[in-house]
*Asks:* 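Here it is, the structure, as structure tokens.
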Amino acid sequence: MSKKAKTYKVFAFYLLIMAIIQIASLVTSKLKIHNIFLTHFYFVTQFLILSYFYFLLLIDLKQKLLIKIITPLVITSLIIYYYNYPLDFYIFNPFEIFITSLPLVIYTTFHLYNLLNQDKKFYYINLGLLIYLFGSTLVFLTGNLLLLIDGNYVFDIIWSFNEYIYVVYQLLILKDIYPLSKQWRPSLK
């Protein structure tokens, strides 16, 4: 399997896992079940899969080394954190959100920088990730504050913003993937 095909498969796996977590979140919400704990699976899984995705995608050895160092450091930090503060598993955890999202924003920036001198491979996916990670990180970092605000107006605006940037992200993924789908279709001749 080529490196490019493996990279696409890792990204497709990421999309599948995120969809499963989002469906679980929607179902638990409709059933009026407290589902904040799902955010932890979302952020940690997103961090792990996208770290691997960027490890495959990036070609600079120093950037790859940074991923090899940061990934276990982040996971170890989270294990220690939740060992010491187990009740934080039931709230939006700004520490977790920040520590899992910042490295991914850095990796997307690395890839954009690398693309200045390369083919624009994964350009729109990367751009979509950068926009979504940056925007959703800000939304999730305000999660506990939003839960304290009396009234739904501000809450609805913030979550609508998150939904909007998610749609932009999905459209940018489609822009990168659609041309590939033409290559993979069997000929009708």
*Asks:* Can you tell me if K175 uses its side chain to pair, donor with acceptor, with the backbone of Y124 under 3.5 Å?
*Replies:*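 It does not hold such a pair.
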*Asks:* With L56, which residues qualify under side chain to side chain contact (heavy atoms under 4.5 Å, CB included), at least two apart?
*Replies:*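 L56 satisfies side chain to side chain contact (heavy atoms under 4.5 Å, CB included) with K6, T7, V10, Y52 only.
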*Asks:* Within the distance-only criterion (no hydrogens, no angle test), does the side chain of S29 pair as donor or acceptor with the backbone N or O of S25 below 3.5 angstrom?
*Replies:*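 Between the backbone of S25 and the side chain of S29 there is no qualifying donor-acceptor contact (under 3.5 Å).
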*Asks:* Going by the rule side chain to side chain contact (heavy atoms under 4.5 Å, CB included), which residues pair with K9 if we only count those two or more places apart in sequence or in a different chain?
*Replies:*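 With sequence neighbours excluded, K9 shows a side chain to side chain contact (heavy atoms under 4.5 Å, CB included) to M1, given in chain and number order.
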*Asks:* Return the set of residues passing side-chain hydrogen bond (donor to acceptor under 3.5 Å, both in side chains) with Y164 (not counting sequence neighbours), or none when no residue passes.
*Replies:*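 Applying side-chain hydrogen bond (donor to acceptor under 3.5 Å, both in side chains) to Y164 gives none.
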*Asks:* Compare every heavy atom of H34 with every heavy atom of I36, then report the nearest pair and how far apart it is.
*Replies:*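 Closest heavy-atom pair between I36 and H34: CG1-CE1, 3.4 Å.
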*Asks:* Do you know which two heavy atoms are closest between I69 and P72, and how far apart they sit?
*Replies:*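 Nearest heavy atoms, I69 then P72: O-CD, 3.5 Å.
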*Asks:* Applying ring pair (Phe, Tyr, Trp, His ring centres under 6.0 Å), name anything that partners F134, two or more places apart in sequence or on another chain.
*Replies:*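 None.
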*Asks:* Please report the shortest heavy-atom distance between G128 and L172, naming the atom on each side.
*Replies:*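 G128 and L172 have their closest heavy atoms at CA-CD1, 3.5 Å.
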*Asks:* Give every residue pair that meets the side chain to side chain donor-acceptor pair (under 3.5 Å) criterion with at least one member in residues 104-119, sequence neighbours excluded.
*Replies:*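 For residues 104-119: Q63-N114.
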*Asks:* Taking only residues two or more places apart in sequence, or in another chain, which ones meet L102 in a side chain to side chain contact (heavy atoms under 4.5 Å, CB included)?
*Replies:*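 Residues passing side chain to side chain contact (heavy atoms under 4.5 Å, CB included) with L102: F98, I106.
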*Asks:* For S101, give me all partners under side-chain hydrogen bond (donor to acceptor under 3.5 Å, both in side chains), at least two apart in sequence or on another chain.
*Replies:*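 For S101 the side-chain hydrogen bond (donor to acceptor under 3.5 Å, both in side chains) partners, ignoring immediate neighbours, are T137.
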*Asks:* Give every residue pair that meets the side chain to side chain donor-acceptor pair (under 3.5 Å) criterion with at least one member in residues 68-80, sequence neighbours excluded.
*Replies:*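 Listed once each, the pairs would be none.
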*Asks:* I'd like to know if the side chain of N93 pairs up with that of Y82 as donor and acceptor (distance under 3.5 Å, no hydrogens or angles considered).
*Replies:*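 Distance-only check passes for N93 and Y82.
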*Asks:* I23: what forms a side chain to side chain contact (heavy atoms under 4.5 Å, CB included) with it, not counting sequence neighbours?
*Replies:*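 Per chain and number, I23 pairs via side chain to side chain contact (heavy atoms under 4.5 Å, CB included) with V27.
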*Asks:* Which atom pairs, one a donor and one an acceptor, fall under 3.5 Å between side chains of residues 14-21 and the rest of the protein, sequence neighbours left out?
*Replies:*
from : atom 1 : to   : atom 2 : distance (Å)
Y14  : OH     : Q46  : OE1    : 3.2
Y14  : OH     : Y169 : OH     : 3.3

*Asks:* Determine yes or no for a side-chain-to-main-chain donor-acceptor pair under 3.5 angstrom, with D176 supplying the side chain and I125 the backbone.
*Replies:*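 Such a contact is found between D176 side chain and I125 backbone.
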*Asks:* Search all heavy atoms of L104 against all heavy atoms of L50 and return the closest pair with its distance.
*Replies:*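 Scanning both residues, the minimum pair turns out to be CD2-CB, 3.6 Å.
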*Asks:* For F53, check ring pair (Phe, Tyr, Trp, His ring centres under 6.0 Å) against everything at least two apart and list the hits.
*Replies:*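 F53: ring pair (Phe, Tyr, Trp, His ring centres under 6.0 Å) contacts with F11, F122.
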*Asks:* By side-chain hydrogen bond (donor to acceptor under 3.5 Å, both in side chains), which residues pair with Y166, not counting sequence neighbours?
*Replies:*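 Partners of Y166 under the side-chain hydrogen bond (donor to acceptor under 3.5 Å, both in side chains) test: Q22, Q170.
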